[in-house]
Amino acid sequence: MDSVTRLRTALELGTPDRPPFTWWGHTFLEEWSPTKLADITIDRARRHGWDFVKLQPRASCFAEAFGSEYRASGNATESPALVSPAVKELDDFATLPEVDAGHPAFADQVEAIRLVAAGAGVPVIQTVFSPITVAGHLIGKDPQGIVAMLRSHPGIVGPALEKIGRALVSFSTASVEAGGAGVFYAVSGYASADLMTAEEYEALALPHDLEVIGKLPPADAAWLNILHLCGAHLHFGLAPLFGLPVVSWSVHDAGNPTLAEGRDRAQRTAMGGLGQKTTMVHARPEGVVAEGRAALEGTGGAGVILSAGCSVAVTAPEANLAAVREVVAA
C-alpha cells in the first residue's frame, strides 16, 4: 500500500498492510522561516519514511496573531520567549483584534504547508490550537488562569473564544487550500480532569470547538483531521463529540487508555504509543521499538496510527527517531 491508502484504511478502522506512522517535534531555529521550516520538515519526512507530516509550526504563532510578542531563543533547544502577552487583564479580551489567515504569523504557516505539500510526497496536515488553548497562551500560557477566567466571566471570555475561533477557521481553510490534507486540532490539557470537569468542558469550551470544526473544509479536501488531547486523566468520553476521525493522546500519561481501549471506546482511529519525553529521549533504539510494539498490542493493527503521544523533545537522539520506523517494519 502507499501512504494514502494505508491512512484511509486506518481511518475506516480497517487493517492496512502495516500501521501508518509519523512523529513530530519543534525545530526552534528553523520555525521562524517558512522556507527553513519546510526544508527541515521535508528532509525528516523523506529520511524517516513518514506516512504523513504533522506540520510543527512555532507554538507562539497563534498568540502572535492576536498581539502577543515573542522573541526567538536563538538556539535549537529553547522555545521562543514571551516578551509581552496580548491579554494583561480580563478586559483586554474585549479588544482582541479580528484576524485571519493573512496575518503574518499565520501566513508563514500557510506558506510552510504549501511548500511541504509540494515537496514531501506524503499528506501533510496543519497544526491548529483550539480556541481555549489559544486563549491560555494569550495570558502567558496559563491554563489554570484561563479556566478560572472562563468560569467566573464567561460573558467576557466566551465572545473572545468566538473571535479566536473565526481566525482559526480562516487559518484552517487557507492551510487546506494551500495543499493540506486536514488539521491536527490540539486541545492542550483542557479536556483533562486536572483542569476541568467533563461537564464544564462540554458547556464552556466544546461549543467553540464545534464551531471551528463545523466550518472546516469538506471531507473530500480535509480528509485527514485529527483530534489531539494533551494531558493525563483525560475525559475520553468527550472524544467522539468532536466528530473527528482520529484521536491522538499519550497512552503513558496517568489515567489514560491504551490505544486499543481508546479506539474501542471512541470508535475512532487511535494515534500514539511512544513516550515523547521519556522513551524517545532516554531509551536505546531497541527500547523505542519495544515500547511501540507493546503499544500496538491488542489493536490487531486495525484503526491505529503509531506516533509519539505529543511533540518529541528536541533532545531525542537521532537513532531513536530512526527507530520509530522499525516498530512497524515487517
Side-chain angles (χ1 to χ4, degrees), residues 26 28 31 56-73 77-97 99 103 105-106 109 127-168 171 184-209 211-212 227-235 238 249-250 253-255 276-277 309-311 313-314:
H26 281 288
F28 292 129
E31 63 190 15
Q56 183 70 81
R58 62 182 186 274
S60 60
C61 73
F62 298 95
E64 290 172 42
F66 290 95
S68 292
E69 297 179 24
Y70 290 79
R71 66 171 180 271
S73 67
T77 59
E78 292 185 47
S79 60
L82 177 65
V83 175
S84 177
V87 175
K88 297 180 176 65
E89 56 187 39
L90 180 66
D91 289 344
D92 291 340
F93 275 116
T95 60
L96 288 180
V99 298
H103 188 284
F106 284 156
Q109 317 317 321
T127 299
V128 177
F129 285 0
S130 70
I132 194 171
T133 300
V134 175
H137 279 68
L138 289 177
I139 64 171
K141 199 174 181 183
D142 182 0
Q144 291 182 335
I146 193 61
V147 169
M149 289 180 176
L150 182 57
R151 283 172 176 153
S152 59
H153 299 283
I156 295 175
V157 180
L161 296 181
E162 292 175 5
K163 186 176 290 185
I164 293 167
R166 290 192 290 272
L168 298 176
F171 176 54
F184 183 89
Y185 189 83
V187 179
S188 300
Y190 297 92
S192 160
D194 296 339
L195 274 178
M196 303 177 77
T197 68
E199 293 75 18
E200 281 181 317
Y201 192 92
E202 192 168 351
L204 297 175
L206 185 63
H208 302 288
D209 297 318
E211 185 68 18
V212 175
L227 168 66
H228 178 64
L229 300 177
C230 273
H233 307 109
L234 292 172
H235 298 303
L238 293 172
W249 75 97
S250 173
D253 284 349
Q276 67 273 9
K277 294 181 180 179
C310 197
S311 178
V314 296

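Computed from a predicted structure; not experimentally measured.
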Contacts of [X] that satisfy ring-ring contact (aromatic ring centres under 6.0 Å, His included) - sequence neighbours left out:
X	answer
F28	H26
F93	none
F184	W24, H228
H208	none

Looking only at non-hydrogen atoms, find the nearest pair between [X] and [Y] and report the distance.
X	Y	value
V128	F62	CA-CZ, 3.9 Å
V314	T77	CG2-CA, 3.9 Å
H235	M196	NE2-O, 2.6 Å
A65	A105	N-CB, 4.1 Å
P57	Q109	CB-OE1, 3.0 Å

Looking at residues at least two apart in the chain, or sitting in another chain, which of them share a side chain to side chain contact (heavy atoms under 4.5 Å, CB included) with [X]?
X	value
A232	D194, D253, A254
A203	none
P97	F66, V99

Once you round to the nearest 0.5 Å, how far does [atom1] of [X] lie from [atom2] of [Y]?
X	Y	atom1	atom2	result
S311	K277	OG	NZ	8.0 Å
C61	Y70	SG	OH	10.0 Å
L82	E64	CG	CD	10.0 Å
S68	K88	OG	NZ	8.0 Å
L168	Y185	CG	OH	7.0 Å
E211	R166	CD	CZ	9.0 Å

[X]: what forms a side-chain hydrogen bond (donor to acceptor under 3.5 Å, both in side chains) with it, not counting sequence neighbours?
X	value
R71	none
E162	none
Q276	none
S73	none

Please tabulate, for the side chains in residues 135-146, all donor-acceptor contacts under 3.5 angstrom to protein atoms that are two or more places apart in sequence or on a different chain.
| residue | atom | partner | partner atom | Å |
| --- | --- | --- | --- | --- |
| H137 | ND1 | T133 | O | 3.0 |
| D142 | OD1 | G145 | N | 2.8 |

4.5 Å side-chain heavy-atom contact, L229 and L238: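 Contact flag for L229/L238 side chains = no.
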
Indicate yes or no: at least one non-hydrogen side-chain atom of D209 is less than 4.5 angstrom from one of Y201. yes

Please determine which of L150, L204, V147, V87 meets the side chain to side chain contact (heavy atoms under 4.5 Å, CB included) test together with V157.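 Single pass found, and it is L150.
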
